[in-house]
2 protein chains.
Amino acid sequence: MQELVNRPSVCEQSREICPIKIVSKLISGKWKIPILWYLSQEKRRFSELQRLMPGASKGVLSKQLNELINDHLIEKIVYDQTPPKVEYSLSKTGESFTSVLDVLKDWGEEYIKEYQQIKP
Amino acid sequence: MQELVNRPSVCEQSREICPIKIVSKLISGKWKIPILWYLSQEKRRFSELQRLMPGASKGVLSKQLNELINDHLIEKIVYDQTPPKVEYSLSKTGESFTSVLDVLKDWGEEYIKEYQQIKP
DNA sequence: CCGCATCCCGTACGATACTG
DNA sequence: CAGTATCGTACGGGATGCGG
């Protein structure tokens, strides 16, 4: 067990604002983390995201994108043209989340190495 | 936008094993991250975890603990005595996740600073 | 004290069809 | 192309009671 000194128990009182729970809530949603991941690479159009995440239906994708916008993690640019063109990208806050995504990915890779999983 | 060079598009093909999706799935569950957080501080008894997360009912807590055990993130020690005593702690793999938790917490604190939230 | 079994409910998610 | 609307289902998660 590692040192406990620098591991404050921030959530002891449930009424306090708890960073861990906040983050947990922000990224709760089947496609939120994948969406953020793909947007961390480059800005994407709606159809691109659909193509990248075939399991996500349009409705769900749209819903989670809107939630991420409301949470200030991503932004949306609508080009006024026909056919329509929309681009999603990370907001400034979302950009700061890429470091978290990198850590998650790295950890995930190690995890996979240890427990060879078949199911994605 | 930051450099894209080192941001591989690991999930392009949905059949591949994707670290991001794996992690996303592992921590999906309302109390998983808080559980891991509390266990990163010290080993905990079941009743302690209940006390720390008043919103989580016994059933749900038990279920998510078992899932974390199945995913090799935590371990359980049962003391053969009456009244029963059980202790949960991070596994070796779980220990390696504490660095992720720290990053999540730090990011969460910054997020809260930026968008003063009321709801926990 | 631990925690499973059961019941119940809300909602997250997926599929499909339709609109600008 | 980029959604919204609607519907049906599955699952997550809360409450309670019992049993070890």
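A note on names: the letters A, B, ... follow the listed sequences, proteins ahead of strands, and every chain is numbered from 1. Since the model is a prediction, treat every value here as computed from it, not as a measurement.
Distance B:Asn66 CG to C:dG3 C1': 9 Å, rounded to the nearest Å. One atom, OH of B:Tyr79, and another, P of C:dC2, lie 12 Å apart when rounded to the nearest Å. Across the protein-nucleic acid pair, B:Lys76 atom NZ and C:dC4 atom C1' stand 10 Å apart, rounded to whole Å. The distance between atom CG of B:Asp80 and atom P of C:dG3, rounded to the nearest whole Å, is 13 Å. For A:Lys32 and C:dC13, the NZ to C1' distance is 13 Å, given to the nearest whole Å. The nearest whole Å value for the distance from the CG atom in B:Leu61 to the P atom in C:dC4 is 10 Å. The interatomic distance linking A:Lys25 (NZ) with C:dA12 (C1') rounds to 12 Å, in whole Å. Taking atom CG of B:Leu49 as the reference point, atom P of C:dC1 lies 14 Å away to the nearest angstrom.
Using modelled atom types, one finds a donor on one side chain and an acceptor on the other under 3.5 Å when comparing B:Tyr115 with A:Thr93.
Not a single side-chain hydrogen bond (donor to acceptor under 3.5 Å, both in side chains) links B:Lys92 to another residue, sequence neighbours left out. Applying the side chain to side chain contact (heavy atoms under 4.5 Å, CB included) rule to A:Asp106 yields the partners A:Glu109; only residues at least two apart in sequence or on another chain are considered. Among residues two or more places apart in sequence or in another chain, the side-chain hydrogen bond (donor to acceptor under 3.5 Å, both in side chains) test is passed with A:Ser24 by none. Legend: residues meeting side chain to side chain contact (heavy atoms under 4.5 Å, CB included) with B:Ser28, ordered by chain and number and at least two apart, are absent. For A:Glu48, the side chain to side chain contact (heavy atoms under 4.5 Å, CB included) criterion is met by A:Arg44, A:Arg45, A:Arg51, not counting sequence neighbours. The side chain to side chain contact (heavy atoms under 4.5 Å, CB included) check on B:Gln50 picks up B:Phe46, B:Lys58, B:Leu61, with sequence neighbours excluded. In terms of the side-chain hydrogen bond (donor to acceptor under 3.5 Å, both in side chains) criterion, residue partners of B:Glu87 (sequence neighbours excluded) are, by chain and number, B:Tyr79. Applying the side-chain hydrogen bond (donor to acceptor under 3.5 Å, both in side chains) criterion to B:Lys32, with sequence neighbours excluded, gives B:Glu67.
A distance-only check finds no donor-acceptor pair linking the side chain of A:Ser62 to the backbone of A:Gly59 [under 3.5 Å].
For B:Arg45 and C:dC1, the shortest distance from a side-chain N or O to OP1 or OP2 is not below 4.0 Å.
Side-chain heavy atoms closer than 4.5 Å link hydrophobic residues (I, L, V, M, F, W, Y) into clusters, and following such links, even through other members, never connects A:Ile77 to A:Ile74.
An angle of 50°, rounded to 10°, separates the two end axes of the helix from C:dC1-D:dG20 to C:dG20-D:dC1, each defined over five pairs.
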Distances under 3.5 Å between protein N/O atoms and the N/O atoms of nucleotides 14-20 of chain C, please, pair by pair.
from, atom 1, to, atom 2, distance (Å)
C:dG14, OP1, A:Lys30, NZ, 2.6
C:dG14, OP2, A:Trp31, NE1, 3.0

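Residues B:Gly29 and A:Gln50 each lie close to DNA chain D; by heavy-atom proximity, the contact nearer the 5' end of the strand is made by A:Gln50.
When heavy atoms are screened at a 4.0 angstrom cut-off, B:Gln81 is found touching no nucleic acid atom at all. Counting non-hydrogen atoms under 4.0 angstrom, B:Tyr88 reaches the backbone sugars and phosphates but no base.
The two atoms that bring A:Glu75 and A:Ser91 nearest to each other are OE2-CB, 3.6 Å, heavy atoms only.
The span of DNA chain D lying next to chain A, judged by atoms under 4.0 Å from heavy atoms, is bounded 5' to 3' by D:dC1 to D:dT4.
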